[in-house]
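Below is one structure, written out as structure tokens; the observations come after it.
All of these numbers come straight from a predicted model, not from anything done at the bench. Just so it is clear, the values below take in all heavy atoms, side chains as well, and ignore hydrogens, waters and symmetry mates. Letters go in sequence order (proteins before strands), and every chain restarts at 1.
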Amino acid sequence: MRTVVVVGASLAGLSAVRALRAQGYDGHLVVVGEERHQPYDRPPLSKDFLAGKATAGSLDLLGDQDEALEVQWRLGTRAVRINAADRSVQLSTEDSLRCDGVVLATGARARALPGGGGLDRVHCLRTLDDAVALRADLLPGARLVIIGAGFIGAEVASTARLLGLDVTVVEADPVPLARQFGLEMGQLCARLHGENGVRLLTGVGVRELVGASKVEGVRLVDGTVLPADVVVVGIGAVPNIEWLAGSGLVLGNGVITDTSCATNLGHVVAVGDCAAVHGERVEHWTNALEQPTVAAATLLAGERGRHVHTAAPYFWSDQYGVRIQFAGHRAPGDAVRVVEGDPEERSFLAVYERAGEPVAVVAMNRAKAFGRWRRQLVRHLPTT
Amino acid sequence: MVPVCNVDDLPHGESVRIVHTDIPIAVFHVEQDAGGGYYAIDDTCTHQDASLAEGWLEGCAVECPLHAACFDLRTGLPSGPPATRPVRTYPVLVQDGTLYVVVDAPAEVA
Ligand SMILES: Cc1cc2nc3c(=O)[nH]c(=O)nc-3n(C[C@H](O)[C@H](O)[C@H](O)COP(=O)(O)OP(=O)(O)OC[C@H]3O[C@@H](n4cnc5c(N)ncnc54)[C@H](O)[C@@H]3O)c2cc1C
Ligand code: FES
């Protein structure tokens with residue numbers, strides 16, 4: 001293998017580069033990234049960076065130890081096509097890179113509000129540029145309406161509250177985060193909003209945004225109009241895979257891979273938020289950090305299935321001074337049992353059980369116990 | 001010298017967090033098979049905001065409870081990403097059954 005092209009210059013792409021070098025790959029490495037920034041960390045964009053407590057520089061993912069990576073960065077450049085026949089990646093700059101291996105790490109983007117757009121002071125939050133633009137509009141006293149009470153919505157609400165805005169969150173589902181945490185724990189998270197002076201409206205969808213040039217309100221399906229100076233749309237993310245249509249790659253809700261990150265094309269692996277392992281896409285930071293180790297091994301071995309990534313999914317979220325951590329595979333119907341602490345105190349750990357076996361664990365402000373349980377969980381995972 | 005606790009209150013494999021003039025410090029007592037010693041480092045991870053006293057102790061290293069960066073308790077050095085900078089280390093002393101952390105006096109501002 002003499003040339004590897006990594007598409008996507010964020011956490012998964014950088015992790016792939018580090019893994020390739022750590023595993024002895026000494027050929028040419030090109031990283032193509034659509035954003036003009038060096039790889040940076042996204043989680044603080046809704047937390048300390050948005051709050052003004054962290055600088056853009058502190059988000060840098062590259063450290064001194066990365067100087068030896070010898071990477072050719074093609075930033076501000078988009079990959080527009082991969083050609084399986086001659087193993088090339090075509091760029092928006094119209095040149096084309098011939099290579100022996102491709103790592104797809106194009107991540108995801110914020111889902112747009114259907115029919116939205118065109119109005120000023122309507123934001124989504126995925127990139128550093130998004131965060132800078134949003135922060136400029138988060139002025140004390142302004143009325144902020146957040147569409148979607150998922151993780152991004154909840155974290156932005158928490159940060160905006162801290163900045164002194166008047167915040168309303170609208171959620172179409174009856175209980176926010178129920179898909180991730182189940183009803184009981186979802187409800188507990190939902191209560192954080194009210195306790196911190198944020199209005200949460202659930203079970204009601206958004207019909208449209210109201211306003212002439214800048215947004216003035218959000219009209220709900222029941223006809224109510226919520227007055228708004230600023231709107232944040234936080235209704236999930238979609239994988240950046242459209243550019244791969246027609247490449248011969250099998251696509252679904254992401255680039256379809258097996259647990260060794262192999263796609264159906266022998267020289268192409270996929271990692272991070274754009275990859276769907278057996279159809280299941282994970283949008284967690286830790287996955288984007290760790291999974292590329294396996295992808296690099298698969299690519300270098302030229303053989304699928306020899307190295308696999310089966311770690312229990314893990315993520316965290318910081319809301320209103322509460323650190324929420326979750327690990328494992330929860331499914332509807334799992335029983336949830338508090339085993340430590342007290343949910344009312346917002347310091348507890350609960351275990352999800354299926355047929356008496358722990359399958360997932362959630363904690364608020366209980367990092368130490370959570371770490372112990374997260375490890376224990378590994379022993380209960382199916383060994384496939 | 002800052003008192004931490006009674007030696008009996010920090011068994012092998014345990015950690016405790018103290019705050020000295022606004023600096024949180026994490027003190028560890030490593031397992032016997034890792035030497036059994038006491039170590040003290042800055043409690044706040046150099047990556048983002050997490051308390052290392054709540055981390056996972058593995059030999060002479062602690063794994064951050066948030067994003068799993070590993071720090072060597074003896075040197076403070078991270079073994080890899082996401083942390084890129086070391087944490088400060090502090091000597092630990094035992095005197096008359098009490099654990100102390102030796103913290104250099106902060107530079108006096110005249
Ligand atoms: C505001 C925010 C807060 C978050 N908070 C948390 C959290 O608390 N906990 C947690 O576990 N996770 C969190 N996440 C999720 C985490 O950041 C992602 O899982 C992680 O960034 C995924 O990394 P990635 O490299 O796969 O994709 P991304 O970070 O999405 O990067 C993909 C990169 O590829 C580029 N790209 C796309 N298409 C092309 C193309 N055709 N050519 C070239 N480049 C392309 C994109 O511009 C982008 O820079 C958060 C995300 C956001 C946005
Ligand atoms: S905060 Fe410690 S590794 Fe991120």
Distance-only donor-acceptor screen, chain A against chain B, under 3.5 angstrom:
unit_1, atom_1, unit_2, atom_2, d
A/D41, OD2, B/Q48, NE2, 2.8
A/Y314, OH, B/L66, O, 2.8
A/R323, NH1, B/D49, O, 2.8
A/R323, NH2, B/D49, O, 2.9
A/Q325, NE2, B/P65, O, 3.0
A/K368, NZ, B/S15, OG, 2.7
A/R375, NH2, B/E63, OE1, 3.0
A/R375, NH2, B/E63, OE2, 2.8

Checklist line | Which portion of A/P44 sits near chain B, non-hydrogen atoms under 4.5 angstrom | finding: side chain

Margin query: Rounded at 0.5 Å granularity, tell me how far CG in A/L138 sits from CG in A/L134.
Written below: 4.0 Å

Note to self: If you apply the rule side-chain contact (heavy atoms from CB on, under 4.5 Å), what do you find for A/V4 with A/V103, and how did you get there?
What the structure shows: CA-CA 8 Å; A/V4 173; A/V103 179; 4.2 Å; yes

Next item on the list: Go through the steps to decide whether B/I25 and B/I41 satisfy the test side-chain contact (heavy atoms from CB on, under 4.5 Å), and finish with yes or no.
Entry: CA-CA 6 Å; B/I25 295 174; B/I41 59 173; over 6 Å; no

Notebook entry, point to check: side-chain hydrogen bond (donor to acceptor under 3.5 Å, both in side chains) with A/R161: which residues, sequence neighbours excluded?
Noted result: none

Note to self: Is B/A83 close to chain A through its backbone or its side chain, or both, or neither, when contacts mean heavy atoms under 4.5 Å?
What the structure shows: backbone

Next item on the list: Could you pull out all residues at least two apart from A/R346 that satisfy side-chain hydrogen bond (donor to acceptor under 3.5 Å, both in side chains)?
Entry: A/E195

Check: With A/R135, which residues qualify under side-chain contact (heavy atoms from CB on, under 4.5 Å), at least two apart?
Finding: A/F49, A/L50

Checklist line | Steps toward side-chain contact (heavy atoms from CB on, under 4.5 Å) verdict (A/L29, A/L69) | finding: CA-CA 9 Å; A/L29 253 178; A/L69 289 176; 5.9 Å; no

